[in-house]
Amino acid sequence: MNKTKTKKTIMLIMLTVLAMATLFATDVTNASASKVHHKKTHKVYKKKKAKKRHVVKKHIHNKKVAYKKPAAKKKAHKVVKKVTHKKTRKLGFSSVYKAASSKLGHPYVYGAVGPYSFDCSGFTQYAYRHGARKYLARTAQMQYNTNRHVSRKHVKKGDLVFFGSSRRNIYHVGIYIGHDRMIDAQNRGVVTEKIHVPWWHEVGYARVA
């Protein structure tokens, strides 16, 4: 009876050990397979990552090449801007002169600023406001004080010409139109006349900014 029990116990132990060995072998196989799968997946991931890096690098390289074009455009824009600035200056005088000459023959009235009668500074103020949308000070002295002074040698069409006993005592102003002539409002009304005449004492020039 005891022998039979012992045999059964031994067989049970052997079966248990065998089952455990089988289970362990299965786990090892699965772990190995998982490891191989992980390696393959990692390789694929690395390849994809490298490919992605290459694409990004290529994209950045293309971007750098494309960036040179706006620089060229910018340069061209500067040239256009420079030419346009010169044209604007010419058009500026042209429009100021057009506004001024449209008032030729209108009467002189002290303190008047237009549109039908003018004093000298009221006339220059009107011409610049309507011809160039620039606002000058009210009196001849203030117009001299608030604009950039230029020498007689560098005077240009559209510059203001000032007359008086000195630069601190200016009583008349006109607009230079070239060839030592100006357009201004004086006792005879709005006229064009020579700058260098006995009744005017020229004291300076100024450029409207």
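Below, each value reflects all heavy atoms present in this structure, side chains not excepted, and no hydrogens, waters or symmetry copies. These numbers were taken from a predicted model, which means no experiment stands behind them.
- Under the 4.5 angstrom side-chain criterion for Ile, Leu, Val, Met, Phe, Trp and Tyr, V109 has no cluster partners at all.
- Note that NZ of K134 is 14.0 Å distant from OG1 of T124, once rounded to the nearest 0.5 Å.
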- Report the C-alpha separation of K194 and H179 in whole Å, then their side-chain angles, then the decisive distance to 0.1 Å, and conclude whether the side-chain contact (heavy atoms from CB on, under 4.5 Å) test is met. CA-CA 9 Å; K194 288 182 179 180; H179 305 292; over 6 Å; no
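- Separation of atoms CE (M142) and OG (S121) is listed at 11.0 Å; rounding is to 0.5 Å.
- Looking only at atom types and distance, the side chain of Q143 has no donor-acceptor partner in the side chain of N147 under 3.5 Å away.
- In this structure, the ring of Y135 has its center no less than 6.0 angstrom from the ring center of Y128.
- Residues A127 and A99 come closest through the heavy atom pair O-CB, 3.8 Å.
- Taking the six-membered ring where tryptophan is involved, the planes of Y116 and H106 are essentially parallel, since the angle between them stays under 30° and well short of 60°.
- A137 approaches T146 most closely through the heavy-atom pair CB-OG1, 4.0 Å.
- In this structure, F162 is a member of the same hydrophobic cluster as F123, with clusters built from ILVMFWY side-chain heavy atoms closer than 4.5 Å.
- At a threshold of 4.5 Å between non-hydrogen side-chain atoms, the residues I175 and M182 do not count as touching.
- The closest donor-acceptor contact from the side chain of K103 to the backbone of P115 lies under 3.5 Å.
- Residues V208 and Y97 fall within the same hydrophobic cluster, defined by Ile, Leu, Val, Met, Phe, Trp and Tyr side chains chained together at heavy-atom separations under 4.5 Å.
- Cluster annotation: I183 is connected to L160 through the hydrophobic network of ILVMFWY side chains, with a link wherever side-chain heavy atoms come within less than 4.5 Å.
- Between H149 and Y144, a ring centre-to-centre spacing shorter than 6.0 Å is recorded.
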- Message: Test ring pair (Phe, Tyr, Trp, His ring centres under 6.0 Å) on Y108 and F118; report intermediate values, then the result.
- Response: CA-CA 5 Å; Y108 176 92; F118 304 89; 9.7 Å; no
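- Side chains of E202 and H196: a donor on one and an acceptor on the other come within 3.5 Å.
- Under the 4.5 Å side-chain heavy-atom criterion for Ile, Leu, Val, Met, Phe, Trp and Tyr, L104 and V173 are members of the same hydrophobic cluster.
- Atoms CG and CZ, from D159 and R152 in turn, are 13.5 Å apart once rounded to the nearest 0.5 Å.
- If you take CD1 on I170 and CD on Q141, they are separated by 4.5 Å, rounding to the nearest 0.5 Å.
- In this structure a side-chain-to-backbone donor-acceptor pair under 3.5 Å is missing from S117 to G114.
- Within the 4.5 Å cutoff, no side-chain heavy atoms of F93 are placed close to those of K156.
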- Message: Using side-chain contact (heavy atoms from CB on, under 4.5 Å), reason through I195 and F163 one step at a time and then give a plain yes or no.
- Response: CA-CA 9 Å; I195 292 169; F163 305 86; 3.8 Å; yes
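- Ring orientation note: the planes of Y176 and Y205 are nearly perpendicular, at an angle over 60° on the 30°/60° scale.
- Residues V161 and V197 fall within the same hydrophobic cluster, defined by Ile, Leu, Val, Met, Phe, Trp and Tyr side chains chained together at heavy-atom separations under 4.5 Å.
- Considering only heavy atoms from C-beta on, C120 stays 4.5 Å or farther from D184 through its side chain.
- H130 contributes atom NE2, which lies 12.5 Å from atom OG of S95 (distance to the nearest 0.5 angstrom).
- The residues R138 and D119 are annotated as salt-bridged, a charged nitrogen and a carboxylate oxygen being separated by less than 4.0 angstrom.
- Considering only residues two or more places apart in sequence or on other chains, R167 meets the salt bridge (Lys or Arg N to Asp or Glu O under 4.0 Å) condition with none of them.
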